[in-house]
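For clarity, every value in this text was computed on a predicted model and none was experimentally measured.
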Amino acid sequence: MFSSLAPARRRLVLGVLALVVIGVLAAAVAFALSRGTGAPVASVDQSVPGPVLLVPGYGGSTDALDVLAGVLREDGRDATVVALPEGGIGDLTEQAKTLRGAADEALSRTGATSVDVVGYSAGGVVARIWATDLGGAEQARRIVTLGSPHHGTQVAGLAAQFVPDRCPTACQQLDPNSPLLTGLNSGDETPEGPQWVSIWTEVDQVVTPPTSAALDGAINVPVQSVCADSTVDHGSLPRDSLVAAIVSDELDGSSTTQLGAADCSRLSS
């Protein structure tokens with residue numbers, strides 16, 4: 001059939017086919033580049049703990065994290081609560097840039113080679129953005145999140161849908177179907193470099209469902225899996241003594257640990 005075409009028509013068909021092939025190859029190359037071809041991030045030295053940065057949740061209040069920071073200081077850690085821009089209700093990516101600046105400052109101030117990060121509620125999502133998109137995976141030794149809506153919360157989804165004028169940017173970004181969370185969860189949820197721990201309460205009424213806090217590739221610790229009778233709610237997570245003991249335990253030593261019921265007595269004492 002092809003040989004029966006007139007020479008001019010044959011050249012036209014060959015030209016079109018060549019353009020199609022070039023387009024397919026270009027798309028394949030672009031896809032490969034978008035997946036990243038650089039060397040993987042080297043794991044941070046887990047045996048040398050550095051300063052701890054605590055990232056507040058939605059609304060940016062530092063009061064609750066001041067309690068946890070005090071516990072960590074009693075453990076001998078250098079602990080700082082990061083003040084977020086726009087009262088903690090603005091763009092989570094901008095908040096992650098603030099965390100990047102805080103990490104750079106802490107490393108410069110202490111001479112440490114890495115930081116540990118504890119992100120409460122939306123602060124855990126901020127920590128993930130920093131690690132994934134802003135180079136944080138090369139600076140963090142441990143990233144621990146507390147009651148963080150990694151896959152969104154229905155509370156924000158309902159607010160964005162029914163009262164959008166009362167749902168600022170960060171609220172909209174915590175909608176389970178937001179572009180930010182869709183992109184953040186489309187690849188590796190726990191990038192190489194730091195060790196990851198997600199702690200949450202099964203009776204959370206802010207992060208709904210509570211299992212939104214589970215992270216693929218992390219040590220996942222529902223508080224009730226350690227002490228079944230715990231009634232700690234979302235707002236009490238950073239102030240709860242058991243949770244503080246779990247956080248301290250996961251920041252200690254040369255590796256994170258999957259905690260369970262056998263650890264309840266030790267961590268509650």
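- For the atom pair CG of Asp116 and CG of Asp252, the computed distance is 10.0 Å after rounding to the nearest 0.5 Å.
- Annotation: side chain of Val115 is not in contact with side chain of Val52 (no heavy-atom distance under 4.5 Å).
- The hydrophobic clustering, which links ILVMFWY residues whose side-chain heavy atoms are closer than 4.5 Å, places Val155 and Tyr58 apart.
- When each of Val55, Leu68, Thr62 is paired with Val81, the side-chain contact (heavy atoms from CB on, under 4.5 Å) condition holds for Thr62 and for no other.
- Linking ILVMFWY side-chain heavy atoms closer than 4.5 Å, directly or via other members, places Leu84 and Leu180 in a single hydrophobic cluster.
- Using a cut-off of 4.0 Å between Lys/Arg side-chain N and Asp/Glu carboxylate O, Arg73 and Asp78 are scored as not salt-bridged.
- The main-chain N or O of Val232 is found under 3.5 Å from a side-chain atom of Thr201 such that the two form a donor-acceptor pair.
- A donor-acceptor pair under 3.5 Å is formed between the side chain of Glu189 and the backbone N or O of Asp216.
- Side-chain atoms of Arg77 come within 3.5 Å of backbone N or O of Gly50 as a donor-acceptor pair.
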Item to check | Residue pair Asp249, Leu267: steps toward the side chain to side chain contact (heavy atoms under 4.5 Å, CB included) verdict | outcome: CA-CA 8 Å; Asp249 202 66; Leu267 295 173; 4.2 Å; yes
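- With hydrogens and angles disregarded, no donor-acceptor distance shorter than 3.5 Å links the side chain of Ser268 to the backbone of Ser265.
- With hydrogens and angles ignored, the 3.5 Å screen pairs a side-chain donor or acceptor of Ser178 with a backbone N or O of Gln173.
- No donor-acceptor contact under 3.5 angstrom links the side chains of Arg100 and Gln139, judged on distance only.
- For the residue pair Pro210 and Trp200, the shortest heavy atom distance occurs at O-CD1, 3.6 Å.
- Residues Val117 and Trp130 have side chains in contact (heavy-atom distance under 4.5 Å, counting atoms from C-beta outward).
- Here the side chain of Asp263 pairs a donor or acceptor atom with the backbone of Gly260 at under 3.5 angstrom.
- Under a cut-off of 6.0 angstrom, the local environment of CD in Gln205 is sparse, with at most 12 non-hydrogen atoms contributed by other residues, nucleotides or ligands.
- Residues Leu134 and Leu99 fail the side-chain proximity criterion, which asks for heavy atoms closer than 4.5 Å.
- Gln224 has its side chain within reach of Val203: a pair of non-hydrogen atoms, C-beta onward, lies under 4.5 Å apart.
- Grouping the Ile, Leu, Val, Met, Phe, Trp and Tyr side chains by contacts below 4.5 angstrom, directly or via other members, places Ile246 apart from Trp196.
- When each of Ile143, Leu215, Thr190 is paired with Arg128, the side-chain contact (heavy atoms from CB on, under 4.5 Å) condition holds for Leu215 and for no other.
- Between Asp204 and Asp233 there is no side-chain heavy-atom pair separated by less than 4.5 Å.
- Contact annotation: the side chain of Gln46 approaches that of Arg142 to within less than 4.5 Å [non-hydrogen atoms, C-beta and beyond].
- The only option from Thr145, Val82, Leu92 that meets the side-chain contact (heavy atoms from CB on, under 4.5 Å) definition with Val126 turns out to be Leu92.
- Linking Ile, Leu, Val, Met, Phe, Trp and Tyr residues whenever their side-chain heavy atoms come within less than 4.5 Å places Val144 and Tyr120 in a single cluster.
- Listed here is the closest heavy atom pair of Pro176 and Gln154: CG-N, 4.2 Å.
- The closest donor-acceptor contact from the side chain of Ser248 to the backbone of Ala244 lies at 3.5 Å or more, if one exists at all.
- The shortest heavy-atom contact between Ser230 and Val223 is OG-CG1, 3.5 Å.
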Checklist entry - When you look at Thr80 and Arg109, which way does the side chain to side chain contact (heavy atoms under 4.5 Å, CB included) test go after all the steps? => result CA-CA 12 Å; Thr80 302; Arg109 173 174 57 82; 3.9 Å; yes
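- Side-chain atoms of Leu181 and Asp175, non-hydrogen and from C-beta on, never get closer than 4.5 Å to each other.
- Side-chain contact between Val206 and Thr153 is absent, with no heavy-atom pair separated by less than 4.5 Å.
- Transitive grouping of hydrophobic side chains (ILVMFWY, heavy atoms separated by less than 4.5 Å) brings Leu259 and Leu242 into a common cluster.
- Between Cys167 and Ala156, the closest heavy-atom pair is SG-O, 4.2 Å.
- Although no hydrogens or angles enter the test, the distance criterion places a donor-acceptor pair under 3.5 Å between the side chain of Arg141 and the main chain of Leu251.
- Using modelled atom types, one finds no donor on one side chain facing an acceptor on the other under 3.5 Å when comparing Ser212 with His150.
- Formation of a donor-acceptor pair under 3.5 Å by the Arg239 side chain with backbone atoms of Val67 is not found in this model.
- Counting all heavy atoms, side chain and backbone alike, Ala96 lies closest to Ile129 at CB-CG2, 3.7 Å.
- Heavy-atom minimum distance, Thr169 versus Gly90: CB-C, 4.1 Å.
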Item to check | Thr113 and Leu107: CA distance, side-chain angles, deciding distance, side chain to side chain contact (heavy atoms under 4.5 Å, CB included) verdict | outcome: CA-CA 7 Å; Thr113 58; Leu107 292 175; 6.0 Å; no
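- Remark: side-chain polar atoms of Glu250 are paired, donor with acceptor, to backbone N or O of Thr257 under 3.5 angstrom.
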